[in-house]
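This report refers to the structure that appears directly beneath it.
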Amino acid sequence: MKRFLTVSELAQRSGIAASALRFYESRGLIASVRTSGNQRRFHPSMLRRIALIQVAQSVGFTLEEIAGELACLPMNRTATKRDWERVAVKWQKELAAKMARLQSLNDNLTGCIGCGCLSMKACRLLNPEDALAQQGNGAQRLS
Ligand code: FES
């Protein structure tokens with residue numbers, strides 16, 4: 001049976017501050033059990049979850065996005081290779097979509113540099129794909 005870790009041990013081994021670990025726990029990203037003295041103890045599998053959180057944040061996922069995906073993984077055991085692959089496949093698709101949006105933003109930004117009109121009709125940065133036109137005629141943001 002694996003020995004559970006104190007918050008200090010988890011912080012030391014993960015390189016994440018204990019305060020951040022408590023925040024992660026409050027957001028449901030990691031979980032602990034309590035001793036009879038009401039102290040937190042963490043299953044060693046939380047190290048893997050923390051590593052995944054760090055990686056996901058480094059590529060631009062929000063904590064809400066990360067929490068949503070981690071909620072599908074078991075909290076009471078070490079995630080299997082299959083579990084991690086499922087997360088990776090989903091995040092690869094989301095990353096590809098984010099990269100496409102960033103590329104589009106970059107492409108449109110080139111045309112806007114030096115323009116500054118911020119026109120609802122002409123500016124694809126301010127009104128991408130003319131999304132506000134689908135809400136009807138006239139000024140949609142003033143009502
Ligand atoms: S700022 Fe003029 S088109 Fe975007």
Side-chain angles (χ1 to χ4, degrees), residues 2-35 38-143:
K2 290 186 176 178
R3 187 177 81 75
F4 279 53
L5 305 168
T6 65
V7 70
S8 298
E9 291 169 328
L10 191 66
Q12 185 177 23
R13 289 184 58 182
S14 67
I16 302 294
S19 59
L21 295 174
R22 284 190 284 274
F23 178 73
Y24 287 170
E25 187 179 13
S26 73
R27 304 291 294 268
L29 294 160
I30 61 173
S32 66
V33 294
R34 297 287 177 151
T35 66
N38 201 31
Q39 293 180 326
R40 289 179 169 90
R41 292 293 184 269
F42 295 89
H43 189 274
S45 65
M46 293 301 121
L47 287 166
R48 227 176 230 226
R49 290 177 76 97
I50 294 166
L52 187 66
I53 293 165
Q54 290 177 289
V55 168
Q57 283 188 299
S58 74
V59 295
F61 286 105
T62 67
L63 280 181
E64 288 72 25
E65 291 170 324
I66 298 167
E69 195 56 42
L70 289 183
C72 301
L73 295 177
M75 195 67 93
N76 59 350
R77 66 168 170 82
T78 302
T80 64
K81 183 179 179 188
R82 188 181 175 117
D83 291 330
W84 294 120
E85 284 173 350
R86 187 171 37 80
V87 172
V89 166
K90 185 172 179 190
W91 281 356
Q92 280 176 329
K93 290 179 184 171
E94 291 179 23
L95 272 177
K98 284 180 188 225
M99 289 183 346
R101 285 195 299 274
L102 284 173
Q103 185 61 53
S104 174
L105 178 66
N106 187 49
D107 294 345
N108 292 332
L109 184 61
T110 302
C112 291
I113 291 175
C115 176
C117 72
L118 296 177
S119 162
M120 288 295 212
K121 286 188 175 182
C123 183
R124 288 188 287 175
L125 283 180
L126 184 64
N127 188 13
E129 310 297 330
D130 200 12
L132 293 176
Q134 297 170 11
Q135 297 175 19
N137 293 329
Q140 298 303 317
R141 291 189 175 168
L142 296 177
S143 55

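Reckoned from all heavy atoms, side chains included, excluding hydrogens, waters and symmetry mates. Both counts, for ligands and for their atoms, begin at 1 and track the order of listing.
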Please report the C-alpha distance between Phe61 and Lys98 in whole Å, then the side-chain angles of each, then the deciding distance to 0.1 Å, and finally whether the side chain to side chain contact (heavy atoms under 4.5 Å, CB included) criterion is met.
-> CA-CA 10 Å; Phe61 286 105; Lys98 284 180 188 225; 4.0 Å; yes

Least distance between heavy atoms, Glu25 atom then Phe42 atom | OE1-CZ, 4.0 Å

So, Glu9 and Arg3, do they make that salt bridge, N to O below 4.0 Å?
-> yes

Dump the intermediate steps for side chain to side chain donor-acceptor pair (under 3.5 Å) on Ser104 and Asp107, then the final yes or no.
-> CA-CA 5 Å; Ser104 174; Asp107 294 345; 5.8 Å; no

Metal site atom 2 (Fe) of ligand 1, protein N/O/S atoms found under 2.8 Å | 2

Report the C-alpha distance between Ile16 and Ile53 in whole Å, list the side-chain angles of each, state the deciding distance to 0.1 Å, and finish with yes or no for side chain to side chain contact (heavy atoms under 4.5 Å, CB included).
-> CA-CA 11 Å; Ile16 302 294; Ile53 293 165; over 6 Å; no

Without swapping roles, check the side chain of Glu65 against the backbone of Thr62 for a donor-acceptor pair under 3.5 Å.
-> yes

